[in-house]
Amino acid sequence: METLANKIAIERAKSSKIHDVDFDNLSFGSVYSDHMLVCDYKDGEWSAPKVVPYQPITLDPSAKIFHYGQSIFEGMKAYKDENGKVWLFRPEENCKRLNKSAERLAIPQIPEAYFMEGLNALIQVESDWIPQNPGSSLYIRPFIFASGNGFHASPANEYKFIIACAPSGSYFSGKVKVLIEETYSRAANGGVGYAKAGGNYAGQFYPTKLAADKGYQQVIWTDDNTHEFIEEAGAMNVFVRINDTLMTAPTSDRILDGITRKSILDIAKDEGIKTEVRKISVHELVKAAENGSLKEMFGAGTAAVVSPISGFGYHGKDYDLPELEESYASLLKQRMTDIQYNRAEDKFGWRH
Ligand code: PMP
């Protein structure tokens, strides 16, 4: 039987850029590998994906991506273990979420086989680009955007699905100080916050810059209605530890259903850590910071895995978090990365 994998054409780059890359000093997401996967949607169907040399794309100025922001993306990583074997972490979850985002943005669904087999084909071609240094990985960026033309505010009739890769070092270095946002919102009820839509991130840049001007590296997003409950940490889900209980906000219309978030909840439970998925008020956080029961806060996402928070600002006042010898953040990060890099048994069946 002919599978899709046999149909994925591979056009190899004439020369490789790999020798120009300093793999010992990689930043995050700023150098790109030699190839990308491309798949076009036209006349109501997706063409077979193909692997082609990484290259610029030509678009008409009326392409709807430019005007109406019909664009969605994913973020995932390929890891190389000590023996040079390559692993992905829960890739089918990224595929599902991409299609959830697609539905919300009126973008056609990408067949799971195109995503998974296209991804496998690309990663096989790019395996030399997956760094082996500790903490490094090949960051993978699948995205779909409206390439079809027209100044009419309606969904495009043509789209491009692309997967590009960037060998990357770790995302954040060190702890971050965050500002609890009281004015701006990342997402609203009935909106697109649960989708990985490009515009969600554009909307974060300005408030994040204002916070940076005040000396904070990230914003803690609160609910759009009351600004009383914390929801996300920049482009990560947010976790809080009060005494020995680890908490995170429930997913909703306004919160991205993070793959790291749900994996961390499972690992924490497996470690015997008490977890709660519930609304966390800023009032509760401030009180816990004041009485010393607030032990940790961290962001969780594919890029950084776990990004510890050193303190938060709220209402013009700064609250510091303690330095812990044995933090949940470091334990959970260790267990996550041990699974991702094939250093430990994968009892959850997440490695691919
Ligand atoms: N929230 C937002 C807004 C994000 O952009 C991301 C990154 N995809 C996350 C949370 C974390 O999701 P994941 O763990 O799947 O990377």
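Ligands are counted one by one from 1 in listed order, and the atoms in each one are counted from 1 as well. Sequence positions, counted from 1, serve as the residue numbers for this chain.
Here's the thing with Y201: one of its N/O atoms is less than 3.5 angstrom from an N/O atom of ligand 1. By the 3.5 Å distance cut-off applied to N or O atoms, T260 is counted among the residues near ligand 1. Distances between N or O atoms of R97 and those of ligand 1 include at least one value under 3.5 Å. By the 3.5 Å distance cut-off applied to N or O atoms, G234 is not counted among the residues near ligand 1. Remark: ligand 1 and K196 share an N or O pair separated by less than 3.5 Å (distance only, no angle test).
Nearest protein heavy-atom neighbour of atom 1 (N) of ligand 1: E232 OE1, 2.5 Å. For atom 12 (O) of ligand 1, the closest heavy atom belonging to the protein is G258 CA, 3.4 Å. Among protein heavy atoms, atom 3 (C) of ligand 1 sits closest to R186 NH1, 3.4 Å. Protein heavy atom at the shortest distance from atom 4 (C) of ligand 1 is A235 O, 3.2 Å. Nearest protein heavy-atom contact of atom 16 (O) of ligand 1 is T302 OG1, 2.6 Å.
If you take CD on E74 and CG on N99, they are separated by 9.5 Å, rounding to the nearest 0.5 Å.
Annotation: side chain of C39 is not in contact with side chain of K50 (no heavy-atom distance under 4.5 Å). Counting heavy atoms from C-beta outward, F161 and F143 have side chains that stay 4.5 Å or more apart.
Looking only at atom types and distance, the side chain of T222 has no donor-acceptor partner in the side chain of E181 under 3.5 Å away. Side chains of Y159 and Q70: a donor-acceptor N/O pair is present below 3.5 angstrom, by distance only. When only modelled atom types and interatomic distance are considered, S154 and K64 share a side-chain donor-acceptor pair under 3.5 Å.
Counting heavy atoms closer than 4.0 Å to ligand 1, residue A303 contributes nothing at all. No part of E74 comes within 4.0 Å of ligand 1, judged by heavy-atom distances.
Salt bridge annotation for D270-R335: present, with a cationic side-chain nitrogen under 4.0 angstrom from a carboxylate oxygen.
M336 and L88 fall into different hydrophobic clusters, where Ile, Leu, Val, Met, Phe, Trp and Tyr residues are linked whenever their side-chain heavy atoms come under 4.5 Å apart, directly or through other members.
Judged by the shortest distance from any of its heavy atoms, M76 lies outside the 4.0 Å radius around the atoms of ligand 1.
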